[in-house]
Amino acid sequence: MKVFEERAHAGLEELKLATAALDLDTVSQRAAAEDWSYTEFRGHLLDGELKNRQQVRVEMSLQFARFPYLKRLAEFDFKAQPAVDKSLVEELATGRFLVEGRNIIFLGPPGVGKTHLAIALGVVTAELGHRVYFTTAIDLARKLTRAMNENRLSREMKNLTRPKLLIVDEVGYLKLEQPEASLVFQTISQRYERQGAMILTSNKAFSAWGEVFAGDAVMASAALDRLLHRCTVVDIRGESYRLKEKRSTAKDTGVVQELAAIAANS
Ligand code: ADP
Ligand code: MG
């Protein structure tokens with residue numbers, strides 16, 4: 001008996017079924033104690049292995065993504081933000097947009113939950129076992145500029161087109177210079193050609209995207225053409241969640257009103 005057990009253990013390790021190898025003893029004991037059929041035994045042993053692999057894959061994908069912090073859809077209070085259609089977000093969370101190469105653009109003033117929703121859908125993407133990469137528009141532009149200066153632009157571009165999902169946060173918060181705008185445009189264009197989904201967030205209406213692309217209205221409209229061809233736009237006109245929370249607790253409404261005025265102007 002012992003010989004067979006050892007051989008099974010070694011075999012599982014050889015086959016790189018490390019979790020199954022680790023679980024073999026306990027699963028065998030449970031099988032004996034609970035009178036499992038061979039099918040049940042095999043199911044339990046493989047289940048552990050598969051669950052562990054899935055978990056490792058998700059963890060690796062979350063590390064690769066470089067999210068600034070983790071946010072989940074479950075933490076999003078849809079009642080506090082009626083401008084966001086819950087059933088639409090739930091549809092997006094099925095991950096169908098990834099398969100279809102559909103983009104998602106969250107528009108709206110600061111604090112309305114654009115980054116929260118973008119990250120949450122990114123986490124869903126990782127949990128579905130896909131690669132996702134998060135960046136801000138300005139970081140993307142700088143990364144590409146550096147790569148271009150170091151003669152490795154095509155490799156960097158490949159890194160940005162390969163992940164199933166690319167999230168570009170804060171489009172339009174900082175104005176891009178001409179060469180930067182052109183590099184960001186190339187990224188959009190290449191992902192469009194490969195039907196790779198993107199999520200973008202912006203505080204600027206599409207009509208103001210000329211400014212975002214270094215004042216080049218032609219480039220901005222070419223970028224928007226590609227982005228909007230297959231796209232779900234979520235326009236969040238509501239008020240800042242942070243300010244709303246503050247208002248419900250704050251005594252000094254003067255400060256809150258001042259902050260609201262600043263947010264409305266930005
Ligand atoms: P934006 O990117 O639109 O400026 P964020 O997504 O960064 O806004 O949201 C600001 C903060 O408020 C974050 O901590 C976010 O988690 C939280 N938040 C925003 N909207 C909601 C909401 N509807 N429910 C729960 N938290 C929210
Ligand atoms: Mg944000």
Side-chain angles (χ1 to χ4, degrees), residues 62 65-93 97 103-127 132-143 160 163 165-176 180 184 187-188 197-209 211-213 223-224 227-228 231-250 252-253 255-266:
L62 286 174
R66 307 210 172 262
F67 293 122
Y69 42 81
L70 287 186
K71 286 281 175 185
R72 292 181 180 274
L73 284 179
E75 297 163 54
F76 194 81
D77 180 357
F78 286 91
K79 287 209 186 74
Q81 194 55 271
V84 177
D85 180 351
K86 188 177 183 207
S87 57
L88 173 66
V89 174
E90 280 167 353
E91 190 278 322
L92 295 172
F97 75 100
N103 300 318
I104 304 168
I105 305 185
F106 292 108
L107 293 178
V112 293
K114 300 184 298 297
T115 304
H116 184 138
L117 290 170
I119 291 177
L121 289 172
V123 170
V124 166
T125 303
E127 285 170 349
V132 41
Y133 186 72
F134 179 101
T135 181
T136 62
I138 198 72
D139 282 347
L140 173 68
R142 289 190 182 138
K143 196 183 175 84
L160 291 163
L165 174 66
L166 177 67
I167 302 178
V168 184
D169 198 23
E170 302 189 345
V171 175
Y173 278 67
L174 293 169
K175 201 177 155 186
L176 303 174
E180 291 174 338
V184 170
T187 312
I188 291 170
M198 293 179 77
I199 298 181
L200 278 72
T201 80
S202 181
N203 61 333
K204 292 247 167 28
F206 293 141
S207 55
W209 277 38
E211 284 167 49
V212 177
F213 281 85
L224 280 170
L227 286 171
L228 297 176
C231 191
T232 301
V233 178
V234 184
D235 202 348
I236 315 178
R237 287 167 197 278
E239 109 187 90
S240 161
Y241 185 79
R242 287 194 207 102
L243 291 182
K244 201 185 260 180
E245 276 211 313
K246 232 179 231 151
R247 184 163 314 142
S248 59
T249 52
D252 188 357
T253 47
V255 174
V256 175
Q257 268 156 19
E258 211 171 293
L259 282 170
I262 293 168
N265 287 329
S266 62

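In each ligand, atom 1 is the first atom listed, and ligand 1 is the first ligand listed.
With atom 4 (O) of ligand 1 as the reference point, the heavy atom nearest to it among Pro109, Gly111, Ser240 is part of Gly111. Taking each of His116, Glu170, Arg72 in turn, the one with a heavy atom nearest to atom 6 (O) of ligand 1 proves to be His116.
The shortest N/O to N/O separation between Phe78 and ligand 1 does not fall below 3.5 Å. Any N or O atom pair closer than 3.5 Å counts here, and Gln81 shares no such pair with ligand 1. Polar contact with ligand 1: present for Gly113 (N/O pair, distance under 3.5 Å). By the 3.5 Å distance cut-off applied to N or O atoms, Val112 is counted among the residues near ligand 1.
Counting only heavy atoms of the protein, atom 18 (N) of ligand 1 lies nearest to Tyr241 CD2, 3.3 Å. Here the protein heavy atom with the shortest distance to atom 2 (O) of ligand 1 is Thr115 OG1, 2.7 Å. In this structure, the protein non-hydrogen atom closest to atom 24 (N) of ligand 1 is Asp77 N, 2.8 Å. For atom 10 (C) of ligand 1, the closest heavy atom belonging to the protein is Arg242 NH2, 3.3 Å.
At least one donor-acceptor pair closer than 3.5 Å links the side chain of Asn103 to the backbone N or O of Leu227. Looking only at distances, a side-chain donor or acceptor of Thr201 sits under 3.5 Å from a matching main-chain atom of Glu170. With hydrogens and angles disregarded, no donor-acceptor distance shorter than 3.5 Å links the side chain of Glu180 to the backbone of Ile138. Side-chain N or O atoms of Lys114 include none that pairs as donor or acceptor with a backbone N or O of Leu200 at under 3.5 Å.
Between Val132 and Ile199, every side-chain heavy-atom pair lies at or beyond the 4.5 Å cut-off. Residues Glu127 and Arg72 have side chains in contact (heavy-atom distance under 4.5 Å, counting atoms from C-beta outward). Side-chain contact between Ile188 and Val168 is absent, with no heavy atoms from C-beta onward closer than 4.5 Å. Contact check for Thr187 versus Leu166: side-chain heavy atoms found under the 4.5 Å cut-off.
Counting atoms of ligand 1 from 1 in the listed order, those under 4.0 Å from a heavy atom of Glu75 are 24 (N), 25 (C). Atom numbering of ligand 1 starts at 1 in the shown order; those under 4.0 Å from a heavy atom of Lys71 are 14 (O), 16 (O). Residue Pro110 has at least one heavy-atom neighbour below 4.0 Å for each of these atoms of ligand 1: 4 (O).
Other residues, nucleotides and ligands place no more than 12 heavy atoms under 6.0 Å from the NZ atom of Lys86.
Under 2.8 Å from the Mg ion (ligand 2) lies an N/O/S atom of Thr115, whether from backbone or side chain.
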